[in-house]
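Index from 1, following the sequence. Please read all numbers here as calculations on a predicted model, not as lab measurements.
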Amino acid sequence: MSQTNIPPDRNQDERREQIKKAARKVFATKGIAGTKISMIAAEAGISQGLTYRYFQSKEELFSLLVHEAIEEAQASIRNVPLLPGTPLEQFKALTWNMLDDTHKHHFLLIQQAQTAEGVPEQAKLAISRYEPQDTMDMLVPIFVKGQELGEFGEGDPRQLLFLYFSVVTGLMIQETHAGTGYWQREVDRLIKLLT
C-alpha cells in the first residue's frame, strides 16, 4: 500500500504522535529550559518548521505532554491490582513497566514539571491537581497484603513504598552505558528493596 492511499488525517495523527514521542524523550531528559524545538525536530527526524505546523510552541507541547504523562502514570498505578500474580509479582511488573523507555519518560516528565524552572502555567495547573499521595494510597493495600503473605519486609508500608519509588525514579534519571533496558534486567534486584 503506498503512502498516497493513507487518509490525510491518519498521516497527520501519525506525524503528531511522532513529534510528541520525540518531545517526551527530550523534555524528560533536558527539561523545558534545556529543550529547543530544533532538538525535538531532530529527535523526530523532521524539520523544525514542520514541528510548528502541529504545535505553536514548546510550552504548548510540554503542557500537553505533562497532562498525558499524569494520565498515563495514574493508569499504570490503577492497573497494578488487576495484574496477575501475587503482590510481589505485581510489583515486579510495575517496576518493569516504570523502567520501560515509554513509561520512564512519562514519570520523568512529571518530575520535570514538579521541579524545573520555567514550567508553563498549564503544566503547573495539571501538576497541582496531581497527588502523588493518591498513588501511594492505591498501592498500600497491595503492599500490606504482600507483607501478610511474607513477600515484603516488615515496616511502615508508606515509608517502604517511598523508598522504592525514590530508588526507581533515581534509576530512571541515571544514564547507563549498559544500553537500553539495562535496569529492566535488574528488576529482581530492585524488588529486593521491598522484600
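- Between Ile127 atom CD1 and Gln114 atom CD the span is 5.0 Å, to the nearest 0.5 Å.
- Side-chain atoms of Ser63 never come within 3.5 Å of backbone atoms of Glu60 as a donor-acceptor pair (strictly under, hydrogens ignored).
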- [ ] Kindly determine whether Arg24 and Glu68 satisfy side-chain contact (heavy atoms from CB on, under 4.5 Å), including the steps that lead there.
- [x] CA-CA 10 Å; Arg24 191 178 300 114; Glu68 289 180 358; 3.8 Å; yes
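- Of the inter-residue distances, the one linking Met98 atom CE with Phe107 atom CZ reads 4.5 Å to the nearest 0.5 angstrom.
- Taking the side chain as every heavy atom from C-beta outward, Ile19 and Leu61 approach each other to under 4.5 Å.
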With a cut-off of 3.5 Å and sequence neighbours excluded, list every side-chain donor-acceptor pair involving residues 71-85.
unit_1	atom_1	unit_2	atom_2	d
Glu71	OE2	His67	NE2	2.8
Glu72	OE2	His103	NE2	3.2
Ser76	OG	Glu72	O	3.1

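- Salt-bridge annotation for Lys92 and Glu89: absent, with no side-chain N of the basic residue lying under 4.0 Å from a carboxylate O of the acidic one.
- Distance alone, capped at 3.5 Å, is enough to place a donor-acceptor pair between the Arg16 side chain and the Tyr54 backbone.
- Contact of the Ile32 side chain with the Gln112 side chain is not registered, since no non-hydrogen atoms from C-beta on lie closer than 4.5 Å.
- Hydrophobic clustering of Ile, Leu, Val, Met, Phe, Trp and Tyr side chains at less than 4.5 Å, counting indirect connections, unites Leu194 with Val167.
- Interatomic distance, CG of Leu88 versus OG1 of Thr195, reported as 7.0 Å (0.5 Å rounding).
- Residues Ala126 and Val66 share a closest heavy-atom pair of CB-CG1, 4.4 Å.
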Pairs of donor and acceptor atoms involving the side chains of residues 39-50, under 3.5 Å and at least two apart or interchain, shall be tabulated with distances.
unit_1	atom_1	unit_2	atom_2	d
Glu43	OE2	Lys25	NZ	3.4
Ser47	OG	Leu50	N	3.1

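- In this structure, CD1 on Ile70 lies 8.5 Å from CG on Leu109, to the nearest 0.5 angstrom.
- Checked by atom type, the side-chain pair Gln12/Arg15 shows no donor-acceptor distance below 3.5 Å.
- Evaluation of the ring-ring contact (aromatic ring centres under 6.0 Å, His included) test over residues 28-53, restricted to residues two or more places apart or in two chains, returns none.
- Under a 4.0 Å N-O distance rule, the pair Arg158/Asp137 qualifies as a salt bridge.
- Applying the ring-ring contact (aromatic ring centres under 6.0 Å, His included) definition to pairs two or more places apart or across chains, those involving residues 11-46 are Phe27-Phe62.
- Without hydrogens or angle criteria, Lys58 side chain to Thr35 main chain gives a donor-acceptor distance under 3.5 Å.
- Residues satisfying the ring-ring contact (aromatic ring centres under 6.0 Å, His included) criterion with Phe91, sequence neighbours excluded, are Phe152, Tyr164.
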Output side-chain donor-acceptor pairs under 3.5 Å for residues 139-150, partner residues at least two apart or in another chain, one line each.
unit_1	atom_1	unit_2	atom_2	d
Gln147	NE2	Gly153	O	2.9
Gln147	NE2	Gly155	O	3.0

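- In terms of heavy atoms, Ile110 sits closest to Ala69 at CD1-O, 3.6 Å.
- If you check the side chains of Thr86 and Glu151, you find a donor sitting under 3.5 Å from an acceptor.
- In this structure, NZ in Lys20 is found 9.0 Å from CG in Asp13, a value given to the nearest 0.5 Å.
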